[in-house]
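Here is how names work: the chains are called A, B, and so on, in the same order as the sequence lines, proteins then strands, and each is numbered from 1.
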There are 2 protein chains.
Amino acid sequence: MTKNYVHATENPLTPAHEDYLKAIYLLAADGEPVSNSALAQHMGFAAASATNMVKKLAELHLVTHEPYRGVELTDMGRQVALEVLRHHRLIELFLHETLDMSWDRVHEEADKLEHVISEAMEDAMAAVLGNPTIDPHGDPIPSKEGHIDKTPGFLLTSAPIGETLRLIRVLTQDPDRLCYLGSLGLYPDTPVILRERAPFNGPLLLEVQGQPHALAFEMAEQLQVVVTEPTPA
Amino acid sequence: MTKNYVHATENPLTPAHEDYLKAIYLLAADGEPVSNSALAQHMGFAAASATNMVKKLAELHLVTHEPYRGVELTDMGRQVALEVLRHHRLIELFLHETLDMSWDRVHEEADKLEHVISEAMEDAMAAVLGNPTIDPHGDPIPSKEGHIDKTPGFLLTSAPIGETLRLIRVLTQDPDRLCYLGSLGLYPDTPVILRERAPFNGPLLLEVQGQPHALAFEMAEQLQVVVTEPTPA
DNA sequence: CATAATTTTTAGTCATGGCTAAAAATTGTA
DNA sequence: TACAATTTTTAGCCATGACTAAAAATTATG
């Protein structure tokens, strides 16, 4: 009488597995299958390395892989990816809040810590932080059950002129860029007014806390905003 | 004009290297060279694996290794071991203080985290904790410069009867034992009176916060105490 | 539609760091 | 001192997960 191990998904996943799954999740934001080259490029590895790992992930039923077509997460794979992402973003917020680490440093740290923290530590962080739903960059933190809010809003590059906006999410994780944005006061929740948009994808003129700032188009593409509705009385 | 790389100790050390160095440091408490078998046993690996790593560490000038005699840390190796130990114990205290994790859980967590935290995070933890010098088990935390206090006191098994003692250090890291000791209120800094010592390495009768407790000899060997001097007026 | 360009996969290499089994050196004992 | 027991080392295996180079499949173009 052989035991049924179909669901006995004991977790032999290495950091490498987790990193690939996370990458596939992030690249597949549009729902499309992820190409091997996109995956390899995101990971900073050779294409052959990605192919190799994708085959392993497929054997573990974490992704489906139609050769030459792309990779997609299975429900199980998505679950793992979301858990890693939860770790990552919880850690970012935790480091920012309790260790006062600046938002440009927490990503790199979280990239290493996300693979080694225990369930108990995950829960303890969430509890201390009050079950937060967004991290210091405005990225949504998946719930323990794997639910994740879709961020509302649109890119600053397509925002209306003159209206009061609220910055809700910064997409880049590049430390230098984050440093720069921070020096302009451009953190999530900051009110912003778009004053001018230069043509040909030129710089944008912003007003942040009364100060005018010119911002490169490419930088503005990293900023997600909503229109602030007039505060109800 | 070739550059002098003698001190250019760029850090290609893996968690495995760090774990071995830490183990050698802890096993060599008496200053004696550490035998291969002791090292392997401590690591939970086969003897051949230890030999293998010791050879690598010797090539990196982190240990000296006289074949069939044992391993000793070089100054450089000790420096690395102390840094890892600093990470470990800072993390234990940090998790205990800021995440309210019980002292029986922090060791395992720290064993993984110690290899991945950045210098910045180490410094931030130390700052938030007020540059602490002991962890939740009473183990001394090495300073950033690699100084480490020698813990004073002696084992409870050789403490005088009837005097008021203070528990200053718990040597075991075993979660179950720590849990048990915690249930008796036996945390560092707790006052304790040794009332009786049964012969033939039998149990000890303790008084902890007014409560009598019988403690196995082997458990008492894990407890380091000092005699409390009468509080000066 | 055939060929060129691109992407993906396969094949095979390498370092890491475990392992076992056997050989060698050391230590203990008769 | 000789031989047995133990410890250490050597030799060689294996999985992981990167790599390069070459083959195969797909897509684009003349």
Side-chain angles (χ1 to χ4, degrees), chain A residues 9-24 27-28 30 32-73 77 80-81 84 111-112 114-116, chain B residues 9-24 27-28 30 32-73 77 80-81 84 111-112 114-116:
Chain A
T9 326
E10 43 146 328
N11 204 327
L13 300 185
T14 64
H17 290 112
E18 295 183 350
D19 279 335
Y20 275 96
L21 291 171
K22 189 177 61 161
I24 295 166
L27 290 171
D30 45 13
E32 296 289 293
V34 176
S35 80
N36 196 273
S37 47
L39 181 55
Q41 189 184 354
H42 184 103
M43 299 293 296
F45 293 147
S49 305
T51 302
N52 189 35
M53 180 57 89
V54 163
K55 278 205 301 194
K56 290 183 197 171
L57 293 174
E59 270 164 32
L60 294 168
H61 307 291
L62 295 166
V63 303
T64 55
H65 177 221
E66 304 205 38
Y68 291 95
R69 282 271 305 281
V71 206
E72 281 179 295
L73 294 173
V80 174
V84 177
D111 257 349
K112 297 179 293 176
E114 64 188 9
H115 305 294
V116 299
Chain B
T9 325
E10 42 146 328
N11 203 326
L13 300 185
T14 64
H17 291 112
E18 295 182 350
D19 279 334
Y20 275 97
L21 291 171
K22 190 178 60 161
I24 295 165
L27 290 169
D30 46 13
E32 295 289 294
V34 175
S35 79
N36 196 274
S37 46
L39 181 55
Q41 189 184 354
H42 184 102
M43 299 294 296
F45 294 146
S49 304
T51 303
N52 190 35
M53 179 57 91
V54 164
K55 276 205 302 193
K56 291 183 196 169
L57 293 173
E59 270 164 32
L60 293 168
H61 306 290
L62 295 167
V63 303
T64 54
H65 177 220
E66 304 207 38
Y68 292 93
R69 283 270 305 283
V71 206
E72 280 178 296
L73 294 173
V80 173
V84 177
D111 257 348
K112 296 179 296 176
E114 65 188 7
H115 305 295
V116 300

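At whole-Å resolution of the value, CD in B:Gln41 and C1' in D:dT6 are 15 Å apart. Rounding to whole angstrom units, NZ of residue B:Lys55 and C1' of C:dG17 are separated by 13 Å. B:Leu13 has its CG atom 15 Å from the C1' atom of C:dA15, to the nearest Å. To the nearest angstrom, P of C:dA15 lies 13 Å from CD of B:Glu59. Distance CE (B:Met43) to P (D:dT8): 16 Å, rounded to an integer number of Å. When rounded to the nearest whole Å, the span between CE of A:Met53 and P of D:dC19 equals 12 Å. The CD atom of A:Glu66 sits 12 Å away from the P atom of D:dT26 (whole-angstrom rounding). Put simply, CZ on B:Arg69 is 18 Å from C1' on D:dT6, counting in whole angstrom units.
Heavy-atom minimum distance, B:Val116 versus A:Lys112: O-NZ, 2.9 Å. Contact record, B:Ala50 with B:Ala40: CB-CB, 3.8 Å, taken as the closest heavy-atom pair. B:Ala23 and B:Met43 get closest at one heavy-atom pair: CB-SD, 3.7 Å.
Considering only heavy atoms from C-beta on, B:Leu21 comes within 4.5 Å of B:Val63 through its side chain.
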Using a cut-off of under 3.5 Å, enumerate the N/O to N/O pairs linking the protein to nucleotides 4-7 of chain C.
none

Please produce a list of atom pairs where a protein N or O lies less than 3.5 Å from an N or O of nucleotides 19-22 of chain C.
residue: C:dC19; atom: OP2; partner: B:Ala46; partner atom: N; Å: 2.8
residue: C:dC19; atom: OP2; partner: B:Ser49; partner atom: OG; Å: 2.5

Report each atom pair, protein N/O against N/O of nucleotides 14-16 of chain D, whose distance is under 3.5 angstrom.
none

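Listed by chain and number, the residues in a side chain to side chain contact (heavy atoms under 4.5 Å, CB included) with B:Ala16 are B:Thr14, B:Met53 (sequence neighbours excluded). Residues forming a salt bridge (charged side-chain N to carboxylate O under 4.0 Å, His left out) with A:Asp111 (at least two apart in sequence, or on another chain): A:Lys22. Legend: residues meeting side chain to side chain contact (heavy atoms under 4.5 Å, CB included) with B:Leu60, ordered by chain and number and at least two apart, are B:Leu13, B:His17, B:Leu62.
In this structure, CG on A:Leu27 lies 6.5 Å from CG on A:Leu39, to the nearest 0.5 angstrom. Annotation: the span from A:Leu57 atom CG to A:Thr64 atom OG1 amounts to 11.0 Å, rounded to 0.5 Å.
Sorted by first and then second residue, the side chain to side chain donor-acceptor pair (under 3.5 Å) pairs with a member in residues 36-61 of chain A read A:Ser35-A:Ser37, A:Asn36-A:Thr51; sequence neighbours excluded.
B:His65 has a side-chain polar atom (N or O) that falls below the 4.0 Å cut-off from OP1 or OP2 of D:dT9.
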Check: residues 65-72 of chain A side-chain donor-acceptor pairs under 3.5 Å, at least two apart:
none

